[in-house]
Amino acid sequence: MADGVLVVGSGGREHALAWKLAQSPHVKHVFVAPGNAGTADNGKISNSAVSVSNHAALAQFCRDQEIKLVVVGPEVPLAAGKRKQAKKHSLHSSGRKVNFSPCLLCTTKQYLSVFNRNGNRTSVAVSLKFRVVLCANFPALVVKASGLAAGKGVIVASNKEEACKAVTEIMQDKTFGTAGETVVVEELLEGEEVSCLCFTDGTTIAPMPPAQDHKRLMDGDEGPNTGGMGAYSPAPQVKMY
């Protein structure tokens, strides 16, 4: 028997997820909330106006539409507890666990910096004082808003003066709102970056092909960070065996 699926989100990622889920013979229909133009009335895929910020309304929608699987795409709904609420209402949910550390790794870079110290990365949460930046033993720094900033909360500084300016913009000028109440400063690591993501049910891990996305504007990575301007997979820098 085919089941209904709900995808939470409105970006290209959710469009791709809905497109692939709709190809399964086990899926009767894919609802996307709030969705976008690409997911509106597209065969087995359609958008839903149900509020993704109202947990109770979302759970009732799932019951009414006989939704058997909820796929949460963006980080913000995960941090807000959509997966936890889905579990509370006896709905199967795909997404990183909200009540455990993996979601903290994504939503709080300060927590991530502590986690990564075991990997010999240099990072520290700083206050408005700039002495941590000025006393760093590396010339170029990356300044990050610790909270969620839609993938845009990272400023790559070519020197310490630019890093101090970034701290001011994030913490004093509130460029990224409450996401910048704490900042993380790291050494700039130059080179290729590859994302290796996996799906897991808590027992089995299924790795996806390695991928690269395009973050910075302009050729040669000369511009500011964006939330991502496209990606390709598999990445040729990583060999799959």
Side-chain angles (χ1 to χ4, degrees), residues 7 9-21 23 38 71-76 78 94-97 101-124 136-160 162-163 166 176 179 183-241:
V7 176
S10 60
R13 165 176 50 191
E14 287 72 44
H15 187 179
L17 287 168
W19 170 76
K20 193 62 179 179
L21 286 165
Q23 295 176 19
V71 180
V72 183
E75 293 85 356
V76 172
L78 286 169
S94 171
R96 285 153 286 190
K97 292 184 179 179
S101 58
C103 191
L104 283 174
L105 296 181
C106 181
T107 60
T108 308
K109 296 180 184 67
Q110 180 184 5
Y111 183 93
L112 176 61
S113 72
V114 174
F115 181 86
N116 275 342
R117 283 173 193 163
N118 291 329
N120 296 320
R121 292 193 67 181
T122 305
S123 55
V124 61
N137 60 356
F138 33 81
L141 303 112
V142 178
V143 181
K144 302 179 179 181
S146 181
L148 290 174
K152 303 178 182 68
V154 178
I155 297 175
V156 180
S158 59
N159 53 54
K160 294 179 180 179
E162 288 186 10
F176 304 113
V183 298
V184 173
V185 177
E186 297 181 326
E187 179 182 6
L188 174 62
L189 302 178
E190 296 183 299
E192 299 283 351
E193 179 181 349
V194 178
S195 298
C196 297
L197 306 178
C198 299
F199 288 103
T200 180
D201 58 4
T203 302
T204 303
I205 297 176
M208 299 294 102
Q212 280 194 313
D213 66 352
H214 306 280
K215 283 285 188 183
R216 298 183 65 179
L217 288 175
M218 303 170 60
D219 292 338
D221 290 337
E222 295 294 331
N225 264 19
T226 70
M229 299 181 295
Y232 65 92
S233 178
Q237 292 81 0
V238 179
K239 291 183 179 180
M240 299 293 289
Y241 295 98

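Note that these values count all heavy atoms, side chains included, but never hydrogens, waters or copies made by symmetry.
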> Of the non-hydrogen atoms in Val156 and Glu162, which two are nearest, and what is the gap between them?
Replying inline: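 Reported closest heavy-atom pair: O-OE1, 4.2 Å.
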
> What's the shortest heavy-atom distance between Glu14 and Gly73, and which atoms?
Replying inline: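 Taking every non-hydrogen atom into account, OE2-CA, 3.3 Å.
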
Throw together a table of side-chain donor-acceptor distances under 3.5 angstrom for residues 201-211, partners on residues two or more places apart or in other chains.
residue, atom, partner, partner atom, Å
Asp201, OD1, Thr203, N, 2.9
Asp201, OD1, Thr204, N, 2.8

>> I'd like to know whether CD of Glu193 has more than 12 heavy-atom contacts from other residues, nucleotides or ligands below 6.0 angstrom.
In response: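 Open: at most 12 neighbouring heavy atoms sit under 6.0 Å from CD of Glu193.
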
>> So if I apply the side chain to side chain contact (heavy atoms under 4.5 Å, CB included) rule between Lys144 and each of Val185, Val154, Ile155, which one comes out positive?
In response: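 Answer to the side chain to side chain contact (heavy atoms under 4.5 Å, CB included) test with Lys144 among Val185, Val154, Ile155: Val154.
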
